[in-house]
> 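For reference, the structure I am asking about is given below.
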Protein chains: 2
Amino acid sequence: MNAPATIGTTEKVADAIRSGIRTGQFVPGQHLVEAELTLRLGISRSSLREALRHLSGDGIVAIHRYRGAHINRLTRREVRDLLEVLEQLVTLAARLGAASGHANRSLMDAALEAARRHDADGDHRTYIAVRQAFYDCLFEVAGNQELPRVTPLRRADLFRAQIRPYQTREQQDSHTEGYRAIAQTVNAGDVEAAEAAVAALFAQTREMVDVLPDMAFEGD
Amino acid sequence: MNAPATIGTTEKVADAIRSGIRTGQFVPGQHLVEAELTLRLGISRSSLREALRHLSGDGIVAIHRYRGAHINRLTRREVRDLLEVLEQLVTLAARLGAASGHANRSLMDAALEAARRHDADGDHRTYIAVRQAFYDCLFEVAGNQELPRVTPLRRADLFRAQIRPYQTREQQDSHTEGYRAIAQTVNAGDVEAAEAAVAALFAQTREMVDVLPDMAFEGD
DNA sequence: GCCGTCAATATCGTCCTACGATTTCATCTG
DNA sequence: CAGATGAAATCGTAGGACGATATTGACGGC
């Protein structure tokens, strides 16, 4: 509906890197050498640099003069700050969604369905898809166009990538369960319950962050 | 403290455009022709395009394939959505700032001082400076590094630019007064009062948006 | 053996040119 | 005057060039 008719090289490259972070092809801290990436992606330096500049705006890569770009690696403190902001925005989304009374049940149903699928296989790829679908739906029912633009979900992907080695299957399931709780309360139009569900999800995530070993944040 | 030792052309260009929006040199809706801008700013197309790509990430300019870039122009709906998100983030900042109990009074004092100066001359330039100083201080005392990155202040600048012709001196003063109220309550460490002050400021802004003529949003 | 100096190398930042792709706009035709 | 048409403007991408800077490794002094 809102997508440009044609999509340019820059966007494709940026998407490739973003999705590469989710799939583990790129890891936080990794140095991105222009010459190598242009070869690997089959594009020119101009396009690559534009894409990197775009990603740096989202806080996904950092560019240091004459030292090039690297995938950002978040410190524990940055993760805490990020979660604080994220919770605030997701809370707003849940509140708006619950209050809107939209008949978008079908949308949220899709998220729930995906969550159920995740329970079945437990694959990390599915987990990522569930997460993506959940947030897409949530923003859709919230009906605030600014929300998806501002919410630092891509930055949160960095966090997800960093903690992946330390996350147990139980924690993943628990997190997915949190999504489901939010989806249900939003669907029911219960504003207070939805806010509580969001708070619970983030409290749980914060707890996990506090327990994580230093290596997840400083490690090399 | 956190600034790179050297600043590159791309950043300079992006800053030039951003500040040009604040000063009225660039107006929302304006088409940005690459050839003209490279001449005017004395830079290469590569650097300009990187800067535009960066700005498009912040939602300041929009790039349409083969049709170039233009300064974004917000619809009334987009402004409402923007204010909703902005209020949420500023509320968080105020809450964190008030709760931190930091002895950053000196910082907020600077903002208040600037506000006083604005009362004196009433120049629009001073108004902009006050706004900037206020938010800088607020983020500083909030102590959350993610907040300034996420908060769509640059996008709000677009809104400011669009409504400037319709804004009276009284409204500006009233808005500045709102900043002062937030600063004082945050300084006092009164969380509830600070949240209320933020809510009051945004309620006032929303009211203004509702009354504004269509021309401020659709106008050509 | 350790540390500072210095040259060689790798990489980046910026500018430039080139050319196909697409839109825009003035002109022509009926 | 509507629609087709072609020229001009502008953009998107590729790729080369060269100075600027960081990094690396060799060298020599202690």
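The figures that follow rest on heavy atoms only: side chains count, while hydrogens, waters and symmetry mates do not. These figures come from a predicted structure and were not determined experimentally. Residue numbers start from 1 in every chain, and the chains themselves are labelled A, B, ... in the order their sequence lines are given, proteins ahead of strands.
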> For B:R67, what residues pass the side chain to side chain donor-acceptor pair (under 3.5 Å) criterion, not counting sequence neighbours?
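None.
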> Roughly how far, to the nearest 0.5 Å, is the CG atom of B:L212 from the CD1 atom of B:I163?
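Reported to 0.5 Å precision, the distance equals 6.0 Å.
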> I'd like to check the side chain to side chain donor-acceptor pair (under 3.5 Å) partners of A:R131; sequence neighbours left out, ordered by chain and number.
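Expected list: A:D157.
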> Could you check how far CG of B:L48 sits from P of C:dT14, rounded to whole Å?
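Value for this atom pair: 12 Å.
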> I need the B:I21 CD1 to B:R154 CZ distance, nearest 0.5 Å.
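So the CD1 of B:I21 and the CZ of B:R154 are separated by 10.0 Å.
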> Round to the nearest Å and state the distance from B:L41 atom CG to C:dT14 atom C1'.
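Going from CG in B:L41 over to C1' in C:dT14 covers 15 Å.
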> Under the rule for salt bridge (Lys or Arg N to Asp or Glu O under 4.0 Å), what residues qualify as partners of B:E84, not counting sequence neighbours?
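Here no residue qualifies.
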> May I have the distance from B:H70 (atom NE2) to C:dT23 (atom P), rounded to whole angstrom?
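The distance from NE2 of B:H70 to P of C:dT23 comes to 15 Å, rounded to the nearest Å.
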> In this structure, how many angstroms lie between the P atom of C:dT14 and the CG atom of A:L52, rounded?
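It is 14 Å, rounded to the nearest whole Å.
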> Only counting residues at least two apart or in another chain, list the ones meeting side chain to side chain donor-acceptor pair (under 3.5 Å) with B:R95.
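Listed in chain order: A:Q88, B:E195.
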> Test of understanding: with side chain to side chain donor-acceptor pair (under 3.5 Å), list the residues that count as partners of A:R65, not counting sequence neighbours.
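Scan of A:R65 (side chain to side chain donor-acceptor pair (under 3.5 Å), adjacent residues dropped) gives none.
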> What is the distance, rounded to the nearest whole Å, between atom CD1 of B:I43 and atom C1' of C:dC15?
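Distance check: B:I43 CD1 to C:dC15 C1' gives 11 Å.
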> Please list, chain by chain and in numerical order, all residues satisfying side-chain contact (heavy atoms from CB on, under 4.5 Å) with A:E36, sequence neighbours excluded.
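Testing A:E36 for side-chain contact (heavy atoms from CB on, under 4.5 Å), a comparison that skips the adjacent residues, returns A:V33, A:R40.
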> I need the full list of ring pair (Phe, Tyr, Trp, His ring centres under 6.0 Å) pairs touching residues 38-87 of chain B, with sequence neighbours left out, sorted by first then second residue.
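Passing the test, one end in residues 38-87 of chain B: B:H64-B:H70.
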> Assess whether one donor atom and one acceptor atom, taken from the side chain of B:S46 and the base of C:dC16, lie less than 3.5 Å apart.
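Checked by distance alone, the answer is yes.
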> Roughly how many Å is it from CG in A:L39 to C1' in D:dG15, rounded to a whole number?
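Spelled out: CG on A:L39 to C1' on D:dG15 is 13 Å.
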> Output a table of nitrogen or oxygen pairs between the protein and nucleotides 9-12 of chain D separated by less than 3.5 Å.
unit_1 : atom_1 : unit_2 : atom_2 : d
D:dC11 : OP1    : B:L32  : O      : 3.4
D:dC11 : OP1    : B:E34  : N      : 3.4
D:dC11 : OP2    : B:E34  : N      : 3.4
D:dC11 : O3'    : B:Y66  : N      : 3.4
D:dG12 : OP2    : B:R49  : NH1    : 2.3
D:dG12 : OP2    : B:R49  : NH2    : 3.3
D:dG12 : O3'    : B:R65  : NH2    : 2.9
D:dG12 : N7     : B:R45  : NH2    : 2.8
D:dG12 : O6     : B:R45  : NH1    : 3.4

> Got a list of protein N/O to nucleotides 6-9 of chain C N/O distances below 3.5 Å?
none

> Check whether any side-chain N or O of B:S44 sits under 4.0 Å from OP1 or OP2 of C:dC15, and answer yes or no.
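So the side chain of B:S44 is within the cut-off, an N or O lying under 4.0 Å from OP1 or OP2 of C:dC15.
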